[in-house]
Amino acid sequence: MKERREFLESMEQVLCQRRENIMALVAPEVRDDDDTARQVGDSADEAQNISIEKLKNSLQMTELDELRFIELAIDRIKKGEFGVCLDCGEQISQKRLEFQPLAARCITCQETAEG
Ligand SMILES: [Zn+2]
């Protein structure tokens, strides 16, 4: 079991790498916009939404969805909320997150949600 901080850093790296891979599929100007938006702080969300609008034209919906989840996960890492189950608030196991970095629920709640 890794230190939590170390674990979060490795997760962020995995997510950023994955995001780069998806971003590599889109036009360079979209990527540039995204980098700029990232440094604006509070208005970043708004700018990011504009980029997402552009992405809709060039990405398949599945990739776009994944990109949004990745952005959300990275945001949660920065806020210290990553790996907390959305439903029950318990820590999701590191093993599960390593296998499924975008998991938003613990196994128990996921199984309940999937019915
Ligand atoms: Zn849960």
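In listed order, ligands and their atoms are each counted from 1.
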Donor-acceptor under 3.5 Å (Arg19 side chain, Val14 main chain): no
Is there a donor in the side chain of Arg4 and an acceptor in the side chain of Gln91, or the other way round, less than 3.5 Å apart? yes
Arg76 side chain to Val84 main-chain N or O, any donor-acceptor pair under 3.5 Å? yes
Cys85 versus Cys88, closest heavy-atom pair with distance: SG-N, 3.4 Å
What is the total of protein N/O/S atoms that are closer to the Zn ion (ligand 1) than 2.8 Å? 4
Who pairs with Lys95 by salt bridge (Lys or Arg N to Asp or Glu O under 4.0 Å), at least two apart in sequence or on another chain? none
Salt-bridge criterion met for Glu66 and Arg18 (N-O under 4.0 Å): yes
